[in-house]
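For reference, the structure is listed below as structure tokens.
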Amino acid sequence: MTRRSVIVGTGSALPERVVTNAELAAQVDTSDEWIVERTGIRSRHIAGEGETTATLATAAARAALQAAGLEGGAIDLIVLATTTPDQTFPATATIVQQAIGANGGTAFDVAAVCSGFVYALGVADAMLRAGMASRALVIGAETMSRLLDWDDRATCVLFGDGAGAVVLEARDEAESGGRGVLATRLHADGAHNELLHTDGGASTTGTIGKLRMAGREVFRHAVVNLATVFGEVLVAAGLTVEALDWVVPHQANARILDATARKLGIDPARVVVTVDRHANTSAASVPLALDAAVRDGRIQPGHLLVLEAMGGGFTWGACLVRF
Ligand code: UT7
């Protein structure tokens, strides 16, 4: 049989503590006006004591399992995208596996920074279609706050913590009702390491380092790369932008969302936006936005979605999904 990977449940989790722009303005030389005008961000969730990438990922996974009406034991593949693992090893996916009782299946992490969830979805979809697993949890989870230089106003105001997850199930294409992951395109260009990276790592400094970003340059590349990969998944499926119900983009900056939508001729009302209250949660941002729009009823079964993201590496990619 030809297999299709269908999303049968979504979930998300956010740390309890909400930090407003005004609170950050009391710590570094910034203002609510600057942050809102340049990024669209008004607040973000920041992990507190006891909240980690794995605890947030586990909560998101449980919510997705509940939405799918499944127990952890039904899962035989966990692909978890993160830049901020609980430990350098083992993979955070194995911590989630133990927590939800999915022991014995496949579990590993994917490192593609802000594009991580799109990469993870592409990998899980390929494994399901190849018959290597039958039901996957695909998770994007981050505690970016622990990677930030809290004295650097150019980066510390931009990020937040959280997790999102989907349950992906292999179905016979003939019985999928047209639903499933229809096309994925993933890219990387290692020439741009210096523009967005950490200044440390296990094998170099022996520390995790801090996030460093040349924001203006990243912005320029983001709009071009996102528009290009967006077109690629539509062409791969023989569809045009008019067929889309929703765009679920990586939430880095409201201005990037606007500029990309304008470039592609997409109605801004069809773009799911959560950057105002989540900020940039790296690999968690796409599944957090997806779950928000599923739970508030905007995204309905049968809707056509593009999920897209761009991040450090550079990496970028998109998935076309019939929900
Ligand atoms: O998730 C991975 C992908 N990441 C992205 O896509 C991020 C892409 N980049 C961006 O979103 C934007 O470039 C930023 C939001 C990071 C910055 O916005 P910008 O409009 O490109 O500002 P800028 O970096 O050109 O800085 C403009 C000014 C500078 O001052 P001068 O040199 O003009 O005097 C900065 O020093 O704003 C200053 N500035 C700030 N001022 C108040 C930088 N950060 C702040 C701040 N508060 N937090």
Side-chain angles (χ1 to χ4, degrees), residues 19-44 81-84 111-119 140-145 147-162 164 186-190 192-198 210-230 247-261 263 271 273-276 278-289 307-318:
V19 175
T20 62
N21 292 345
E23 285 174 73
L24 292 181
Q27 291 166 36
V28 288
D29 181 16
T30 189
S31 65
D32 179 52
E33 294 72 27
W34 190 94
I35 301 171
V36 171
E37 189 192 312
R38 300 294 178 120
T39 73
I41 298 166
R42 293 181 184 276
S43 62
R44 72 285 293 143
T82 192
T83 315
T84 47
V113 206
C114 298
S115 314
F117 183 79
V118 173
Y119 264 68
E142 301 279 16
T143 41
M144 293 305 281
S145 62
L147 212 51
L148 296 174
D149 174 351
W150 286 98
D151 294 324
D152 176 14
R153 69 174 183 174
T155 54
C156 76
V157 303
L158 303 175
F159 292 87
D161 302 333
L186 304 172
H187 297 281
D189 183 353
H192 303 291
N193 183 310
E194 280 303 311
L195 297 181
L196 181 50
H197 64 281
T198 59
K210 295 291 179 202
L211 183 149
R212 305 291 174 206
M213 178 166 72
R216 201 176 299 180
E217 285 80 359
V218 176
F219 190 114
R220 255 188 322 109
H221 285 277
V223 175
V224 174
N225 291 343
L226 289 171
T228 305
V229 76
F230 199 100
V247 180
V248 187
H250 172 49
Q251 311 283 323
N253 185 322
R255 284 159 52 218
I256 295 180
L257 305 188
D258 289 344
T260 312
K263 205 171 163 76
V271 180
V273 179
T274 53
V275 67
D276 54 330
H278 294 166
N280 181 347
T281 57
S282 184
S285 92
V286 168
L288 269 166
L307 317 183
E308 42 101 324
M310 146 98 192
F314 290 146
T315 54
W316 65 102

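Numbers here are sequence positions counted from 1. Indexing begins at 1, ligand by ligand and atom by atom, following the structure's order.
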Closer than 4.0 Å to some heavy atom of [X] - which atoms of ligand 1 meet that?
X	answer
M310	2 (C), 3 (C)
N280	1 (O), 2 (C)
M213	4 (N), 7 (C)
T39	15 (C)
V157	48 (N)
I256	6 (O), 8 (C)

For [atom], is some protein heavy-atom partner under 4.0 Å away?
atom	value
atom 31 (P) of ligand 1	no
atom 4 (N) of ligand 1	yes
atom 37 (O) of ligand 1	yes

Problem set entry | Name of the residue among L307, V248, L288 meeting side chain to side chain contact (heavy atoms under 4.5 Å, CB included) with F117 |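 Option passing the side chain to side chain contact (heavy atoms under 4.5 Å, CB included) with F117: L307.
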Practice prompt. Classify the angle between the aromatic ring planes of H221 and H192 as parallel (below 30°), tilted (30 to 60°) or perpendicular (above 60°).
Written response: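 Because their plane-to-plane angle lies in the 30° to 60° range, the rings of H221 and H192 count as tilted.
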Side-chain contact test, heavy atoms from C-beta onward, threshold under 4.5 Å: evaluate it for T20 versus R42 and give yes or no.
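SC-SC contact between T20 and R42 ruled out.
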Just to confirm my output: which protein heavy-atom neighbour is closest to [atom], and how far is it?
atom	value
atom 35 (C) of ligand 1	R153 NH2, 4.0 Å
atom 2 (C) of ligand 1	C114 SG, 3.3 Å
atom 20 (O) of ligand 1	R38 NH1, 2.8 Å
atom 9 (N) of ligand 1	G215 O, 3.0 Å
atom 18 (O) of ligand 1	R255 NH1, 3.8 Å
atom 23 (P) of ligand 1	R216 NH2, 3.7 Å
atom 12 (C) of ligand 1	N253 ND2, 3.8 Å

Output yes when a side-chain donor or acceptor of R44 lies under 3.5 Å from a complementary backbone atom of V19, and no otherwise.
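Looks like yes, one N/O pair under 3.5 Å.
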Nearest-0.5 Å distance, [atom1] of residue [X] to [atom2] of residue [Y]:
X	Y	atom1	atom2	answer
T155	M144	OG1	CE	9.5 Å
N280	I256	CG	CD1	8.5 Å
L158	T281	CG	OG1	12.5 Å
M213	L195	CE	CG	10.5 Å
I35	T30	CD1	OG1	4.0 Å
L211	D152	CG	CG	8.5 Å

Using a 4.0 Å heavy-atom cut-off, say whether [X] meets ligand 1 through its side chain, its backbone, both or neither.
X	answer
L196	side chain
I35	neither
H250	side chain
T30	both
W34	side chain
L158	side chain

ask   = Closest approach of A309 and V286, non-hydrogen atoms and distance?
value =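 Where A309 meets V286 most closely, the heavy atoms are CB-CG2, 4.3 Å.
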For residues Y119 and W316, report the shortest heavy-atom separation together with the two atoms involved.
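The answer is CE1-O, 4.1 Å.
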- Query: Without hydrogens or angle criteria, can the side chains of T84 and E142 be said to hold a donor-acceptor pair below 3.5 Å?
  - Reply: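 T84 vs E142: donor-acceptor pair found between side chains.
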